[in-house]
Colleague: 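Have a look at the structure that comes next, please.
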Amino acid sequence: MTMSVVGKIVLFLFLLVNAVTPLNLFALPSRQFTLLPHQSEAIKAASSTNAARSQIVIPNGGGKTVISYHLAREVLSAQGTVVVFMPTIDLIEEALETFYQDDPQLLDWRKECLCVCSQLSVESVRFTTDCSRIGSFIKGDGPRLVLSTYLSACAISDARLARPFDLALLDESHVAAGSNGETLPSIPLVDEFIACKKRVFMTGSPRVFRSRKMTKGNHVDDQEFSMDNTKVFGEVVYQLSYDEAIERNVTVPVEALACTVPLGQTVNETEWRARVLVDACQRFGLRKVVTFSRSIERTKDLQEALLRTRYFRDVLRVQYNNTSWGSLKKWTKPLGDGESIVICNPYMLKGGFNELKDCDGIYIADRMERHLKLWQVVSRAAMRSEGKEKGYVIFPVQAPDDVDTNQFGNMVPIIRTMLEMDSELLKECRAWLMRDGEAAERGDEVAPPRKLLERIVGVGVSAEEFRLGLKSAVLEIAGLTWDVKLGLLKHYTKIHGNALVPEADKKLGRWVRNQRVKYYLNRLLRERIQKLESVGFSWEPNKALWKEQYEILKALGVENVKQSTVTADGVNIGRWCTLQRGYNKRGKLSPDRIKLLNDIGFVWDYREYLEA
């Protein structure tokens with residue numbers, strides 16, 4: 001009897017799931033993590049504040065999970081309740097390892113710890129999304145630790161817990177930035193959903209960009225979100241900038257390499273991608289590299305192509321969540337002179353990756369769009385290890401199979417991530433784009449900031465192609481075109497003496513209207529409001545225009561203005577006076593405006609004025 005197609009699929013999925021080696025938490029060796037100075041400072045700042053909500057901002061790779069553990073331990077040791085929110089199950093599993101290894105006796109892990117998520121490959125800890133089981137767990141005596149993904153937070157909310165959590169730790173809390181209280185990630189932010197006495201938000205960047213979306217054929221350019229709202233996220237009680245983290249030896253600087261090689265006699269695009277990595281390793285002396293592809297099949301193909309180059313001592317390929325990797329033994333084995341090693345893997349931050357801190361570079365063989373994965377890539381490259389002075393993120397450009405009209409499209413997600421992580425770099429790029437927008441009206445062009453050119457380097461690409469590709473990639477990032485428009489607005493104010501752009505203006509008309517709409521809907525970032533107001537932007541253009549015309553009339557003197565009077569700048573002030581008389585006659589002129597006009601002796605009946 002032959003097996004049906006459905007039966008074969010079911011069997012395949014069963015074998016695939018059971019091929020995953022579950023992590024036995026209790027088999028992990030105990031090891032206490034020595035707190036670094038910045039971690040101690042962050043813990044002290046969060047513990048000492050009486051605020052119900054506060055923020056800790058530390059670059060990825062700076063050990064926020066260890067900070068979470070110490071903050072949680074203070075509460076759990078006092079028999080309290082703690083809930084930790086994380087974006088993914090992978091991060092929950094990593095946090096469990098950290099929490100357990102530092103203090104195996106902190107909890108009765110089988111009874112006093114619960115993960116709220118759809119699945120878990122840690123066999124020693126319970127997990128569920130059943131709200132009744134969650135409620136029963138919290139009601140129990142003794143300390144309670146709950147680890148949940150943001151998306152599973154609705155299960156905690158549905159449990160309608162009788163008592164609030166003593167502490168909520170929200171890791172990578174930028175995923176909830178800009179939330180309006182209706183989307184799933186924002187559930188942990190609202191007391192009506194999940195009551196908490198104290199919330200600590202932790203992130204590597206309080207400002208994030210979302211990928212562009214299309215709405216009826218039009219680009220939506222307002223895809224930047226921030227944690228500026230202190231009512232939701234609290235004040236920042238501790239912050240370590242990207243540059244400070246490097247200066248204090250917390251992380252190493254990260255350089256992104258946009259690489260290409262001539263097609264030559266390359267058989268296929270996989271062979272070409274293998275040659276790109278070899279070329280980068282030779283140029284920059286990289287000895288330990290981790291590669292990522294978008295599927296298991298492509299990972300295998302890349303491994304075989306790299307083996308055929310005969311450049312690396314070992315080209316290893318790891319399996320999904322296999323924490324007993326024999327590959328790690330080869331990875332940790334000392335390398336001889338001129339030797340290099342590569343681990344190929346289609347997944348990110350699975351068991352065992354904590355042992356790969358000493359990698360020189362991460363090779364993103366295929367375009368990677370997922371926000372969290374990119375954060376993990378750059379974080380892995382930034383992790384400090386003995387003798388490591390710089391981390392590299394390598395990605396191919398101008399690929400022979402690239403169907404994207406922008407052959408530098410691979411740069412977009414990498415630059416977006418680096419801008420999110422480095423606020424100073426973001427500030428410099430904004431200033432550059434604003435100046436460039438202003439200069440464009442004069443037919444000029446402004447060079448990219450030096451810091452950007454130091455962080456993103458073209459390898460094997462002509463200088464002119466790289467310059468154009470870099471600018472195109474930066475402009476493609478959602479939100480940054482706003483700064484170009486601001487530059488155009490600044491140029492407009494210099495020419496016209498005001499920021500009262502008519503809606504008919506082809507370059508700025510629709511944009512200025514959108515800014516006013518978002519302002520009145522309370523959807524415009526505070527930083528953008530300040531920038532617009534600094535160039536004289538008016539949220540009520542009709543009021544501003546009326547005031548400007550009034551000041552012209554006042555300066556000229558009412559007695560000197562006739563119905564046909566036009567100023568040297570082309571303002572038809574005579575017609576404006578006629579309109580004010582008409583509005584007043586129909587009862588459509590406000591008392592404030594009538595008073596202002598009366599104060600300068602305005603003539604309401606022009607015929608009587610002429611006869612007199």
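Below, all heavy atoms of this structure are taken into account, side chains as well, without hydrogens, waters or symmetry copies.
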Colleague: Would you say the side-chain atoms of E41 and Y238 include a donor-acceptor pair closer than 3.5 Å?
Modeller: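 There is such a pair (donor and acceptor under 3.5 Å, judged by atom type) between the side chains of E41 and Y238.
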Colleague: When you measure from the side chain of S173 to the backbone N and O of M202, does any donor-acceptor pair fall under 3.5 Å?
Modeller: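 Such a contact is found between S173 side chain and M202 backbone.
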Colleague: Are side-chain heavy atoms of V254 and Y242 found at a separation under 4.5 Å?
Modeller: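 A side-chain contact under 4.5 Å exists here.
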Colleague: Would you check if there is a donor-acceptor pair between the side chains of D90 and T88 at a distance under 3.5 Å?
Modeller: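 Distance-only check fails for T88 and D90.
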Colleague: Between K198, K197, R199, which is the residue that forms a salt bridge (Lys or Arg N to Asp or Glu O under 4.0 Å) with D191?
Modeller: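 Testing D191 for a salt bridge (Lys or Arg N to Asp or Glu O under 4.0 Å) against K198, K197, R199 leaves exactly one candidate, R199.
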Colleague: Is there a side-chain contact between K288 and D360 (heavy atoms, below 4.5 Å)?
Modeller: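 They are in side-chain contact.
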Colleague: Please find the pair of heavy atoms, one from V290 and one from C359, that lie closest to each other, and give the distance.
Modeller: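 Scanning both residues, the minimum pair turns out to be CG2-CB, 4.2 Å.
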Colleague: Does the ring of Y392 carry R283 above it, NZ/CZ under 6.0 angstrom from centre and within 45° of its axis?
Modeller: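 Output no; distance or angle outside limits.
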Colleague: Can you see which heavy atom on R455 is nearest to which on D422, and at what distance?
Modeller: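 For R455 versus D422, the nearest heavy atoms are NH1-OD2, 2.9 Å.
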Colleague: So which heavy atom on V208 is nearest to which on A177, and how close?
Modeller: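 Distance-wise, the nearest heavy atoms are CG2-CB, 4.3 Å.
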Colleague: Could you tell me the separation between the CG atom of L240 and the CD1 atom of I246, rounded to the nearest 0.5 Å?
Modeller: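 Separation between the atoms: 10.0 Å.
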Colleague: Is a side-chain donor-acceptor pair under 3.5 Å present for H174 with T203?
Modeller: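 The answer is yes; a qualifying pair exists.
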Colleague: What are the two closest heavy atoms between P188 and Y150, and how far apart are they?
Modeller: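 Between these two residues, the closest heavy atoms are CG-CD2, 3.9 Å.
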Colleague: Does G62 offer a backbone N or O that forms a donor-acceptor pair with the side chain of H38 under 3.5 Å?
Modeller: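 Yes; at least one donor-acceptor contact below 3.5 Å.
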Colleague: Counting neighbours of CD on E389 that are heavy atoms of other residues, nucleotides or ligands and sit closer than 6.0 Å, is the number greater than 12?
Modeller: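 Open.
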Colleague: Would you check if Q239 and E244 make a side-chain contact, meaning some heavy-atom pair closer than 4.5 Å?
Modeller: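 No. Closest side-chain heavy atoms not under 4.5 Å.
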Colleague: Mind checking whether H70 and Q39 have side chains closer than 4.5 Å, heavy atoms only?
Modeller: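 When only atoms from C-beta onward are counted, Q39 and H70 do not touch, as no gap falls below 4.5 Å.
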Colleague: Which atom names give the shortest non-hydrogen contact between C117 and T129, and what distance separates them?
Modeller: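 C117 and T129 have their closest heavy atoms at O-CG2, 3.4 Å.
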Colleague: Any side-chain heavy atom of Y363 within less than 4.5 Å of one from V276?
Modeller: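 They are in contact (side-chain heavy atoms under 4.5 Å apart), so the answer is yes.
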Colleague: Hey, does D279 have a side-chain heavy atom less than 4.5 Å from the side chain of C259?
Modeller: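 A side-chain contact is absent here, since even the closest heavy-atom pair is not under 4.5 Å.
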Colleague: What are the two closest non-hydrogen atoms of L91 and M86, and how far apart are they?
Modeller: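 Shortest heavy-atom separation between L91 and M86 comes out as O-SD, 3.3 Å.
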Colleague: Name all pairs fulfilling the side chain to side chain donor-acceptor pair (under 3.5 Å) condition that reach into residues 45-55, sequence neighbours left out, sorted by first residue then second.
Modeller: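 Found S47-E74.
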Colleague: Where the side chain of R430 meets the backbone of D483, is there a donor-acceptor pair that is under 3.5 Å apart?
Modeller: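 No, the answer is negative, given that no donor and acceptor are paired below the 3.5 Å cut-off.
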Colleague: Between F233 and P206, is any pair of side-chain heavy atoms under 4.5 Å apart?
Modeller: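 When only atoms from C-beta onward are counted, P206 and F233 do not touch, as no gap falls below 4.5 Å.
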Colleague: Test of understanding: with salt bridge (Lys or Arg N to Asp or Glu O under 4.0 Å), list the residues that count as partners of D366, not counting sequence neighbours.
Modeller: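 Expected list: R294, R298.
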Colleague: So, E527 and K531, do they make that salt bridge, N to O below 4.0 Å?
Modeller: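 The answer is yes: the pair qualifies as a salt bridge.
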Colleague: Does the K388 side chain pair with the main chain of M383, one donor and one acceptor, at a distance under 3.5 Å?
Modeller: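 Present.
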